[in-house]
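To start, the structure under review is shown below, and the notes come after it.
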Amino acid sequence: VPEVSLYFQNCLFRANRTTKRSSEDLSAFWSYNYPALADVGVNITYHTEYILQPERYDEPLHIAARLSGGIAVIEQRTLRAMLSAEGLRGVVLETFGAGNAPTCEWFIRVLEEAIDRGLIVLNVTQCRGGRVMMELYETGLRLQRIGVLCGHDMTTEAAVTKLMYVLGLGLSDEQTRALLRRPLRGEFTA
């Protein structure tokens, strides 16, 4: 399996699609939006149709050593204080269900002001399963119009890591947003 993965309780998962679901259960990790890459019992059953294959096998391993700090995961009640934090560059916004958010004017206004200052806001669902579909509800559409990016079915953990990596590249705002809009290592379903 030529990708970063997580093996736990007889299942091999794509790491950036996996989240910890319990601090007490034996099956503590799960991939809600992507199937297991392999199931392990007496035999190992690889699900090759779900395994991401590299374009080339002869490239040397590249380790990203420049990860950006200044990433935050926010909830509604702490929004205003967090968006004003010094050095903040990116935010993961956990929204309801399919990407719906509060409809209060102040909420949209505070986000828009922060985006206008250059902050990147990435919308993911707070639900264990499902995906953000910002075009489904009026609030999601408003978030899109002010520049909030859709996180599709990315886990919060993958969204934070992706922001750290992409912001660490030091690209222009346009290039940064373009990289965040497409899957780099299968972290969301396009």
Side-chain angles (χ1 to χ4, degrees), residues 4 14-20 32-34 62-190:
V4 178
R14 177 172 290 162
N16 63 14
R17 299 298 289 264
T18 306
T19 191
K20 189 165 185 175
Y32 291 96
N33 290 319
Y34 200 78
H62 171 74
I63 298 173
R66 291 182 43 198
L67 298 178
S68 175
I71 307 297
V73 178
I74 64 169
E75 294 178 48
Q76 177 182 336
R77 65 184 173 268
T78 57
L79 180 63
R80 187 172 296 281
M82 291 183 71
L83 295 181
S84 301
E86 187 177 330
L88 187 64
R89 299 184 59 209
V91 168
V92 175
L93 180 66
E94 287 185 333
T95 56
F96 315 128
N100 205 10
T103 56
C104 307
E105 285 302 317
W106 71 264
F107 177 77
I108 302 294
R109 187 177 58 249
V110 169
L111 281 175
E112 186 173 21
E113 290 167 359
I115 291 166
D116 288 347
R117 289 192 312 266
L119 191 69
I120 301 287
V121 179
L122 187 56
N123 184 1
V124 300
T125 182
Q126 66 182 356
C127 299
R128 290 183 182 180
R131 63 185 298 115
V132 167
M133 294 178 284
M134 294 175 68
E135 66 283 354
L136 216 56
Y137 298 105
E138 180 187 342
T139 309
L141 287 169
R142 288 186 72 196
L143 292 175
Q144 263 185 330
R145 282 194 295 271
I146 66 169
V148 173
L149 299 174
C150 183
H152 303 280
D153 59 353
M154 253 191 293
T155 65
T156 299
E157 296 87 346
V160 169
T161 305
K162 186 170 186 175
L163 276 171
M164 291 172 69
Y165 171 70
V166 173
L167 288 172
L169 296 174
L171 303 171
S172 70
D173 184 66
E174 183 180 321
Q175 292 169 312
T176 297
R177 289 175 173 277
L179 281 179
L180 291 169
R181 285 187 178 103
R182 66 180 178 90
L184 301 178
R185 294 292 184 268
E187 67 278 5
F188 68 85
T189 307

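Residue numbers run from 1 in the order of the sequence given.
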[atom1] of [X] to [atom2] of [Y]: how many Å apart, nearest 0.5 Å?
X	Y	atom1	atom2	value
Leu111	Arg142	CG	CZ	10.5 Å
Ile71	Lys162	CD1	NZ	12.5 Å
Gln126	Leu93	CD	CG	9.5 Å
His152	Phe188	NE2	CZ	4.0 Å
Asn123	Met133	CG	CE	11.5 Å
Leu136	Asn100	CG	CG	8.5 Å

Just jot down the side chain to side chain contact (heavy atoms under 4.5 Å, CB included) partners of Ser68, sequence neighbours excluded, or say none.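 Expected list: Arg89, Leu167.
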So for atom OH, which belongs to Tyr137, do other residues, nucleotides or ligands contribute more than 12 heavy atoms lying within a distance under 6.0 Å?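 No.
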Does Arg131, at its CZ atom, have more than 12 non-hydrogen atoms belonging to other residues, nucleotides or ligands within less than 6.0 Å?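 Yes, CZ of Arg131 has more than 12 neighbouring heavy atoms, counting only those of other groups under 6.0 Å.
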Side-chain heavy atoms of [X] within contact of [Y], under 4.5 Å:
X	Y	answer
Thr155	Thr18	no
Leu119	Val91	yes
Leu141	Gln144	yes
Arg185	Asn16	yes
Met154	Val92	no
Ile120	Val166	no
Asp116	Ile146	no

Over all heavy atoms of both residues, which pair between [X] and [Y] is shortest? Give the atoms and the distance, please.
X	Y	answer
Ala101	Thr95	CB-CG2, 4.1 Å
Asp153	Gly130	CB-O, 3.6 Å
Glu187	Ala158	CB-CB, 4.3 Å

Checking Thr125 side chain against Val132 main chain: does a donor-acceptor pair fall under 3.5 Å?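 Pair absent, no side-chain N/O of Thr125 close to backbone of Val132.
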Hey, is the main chain of Gly186 close enough, under 3.5 Å, to the side chain of Arg17 for a donor-acceptor pair?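 Indeed, once roles are kept as given, a pair shorter than 3.5 Å links the two residues.
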Not counting sequence neighbours, list each pair that qualifies as a side-chain hydrogen bond (donor to acceptor under 3.5 Å, both in side chains) and has a residue in residues 164-173.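 Listed once each, the pairs are Ser172-Gln175, Asp173-Arg177.
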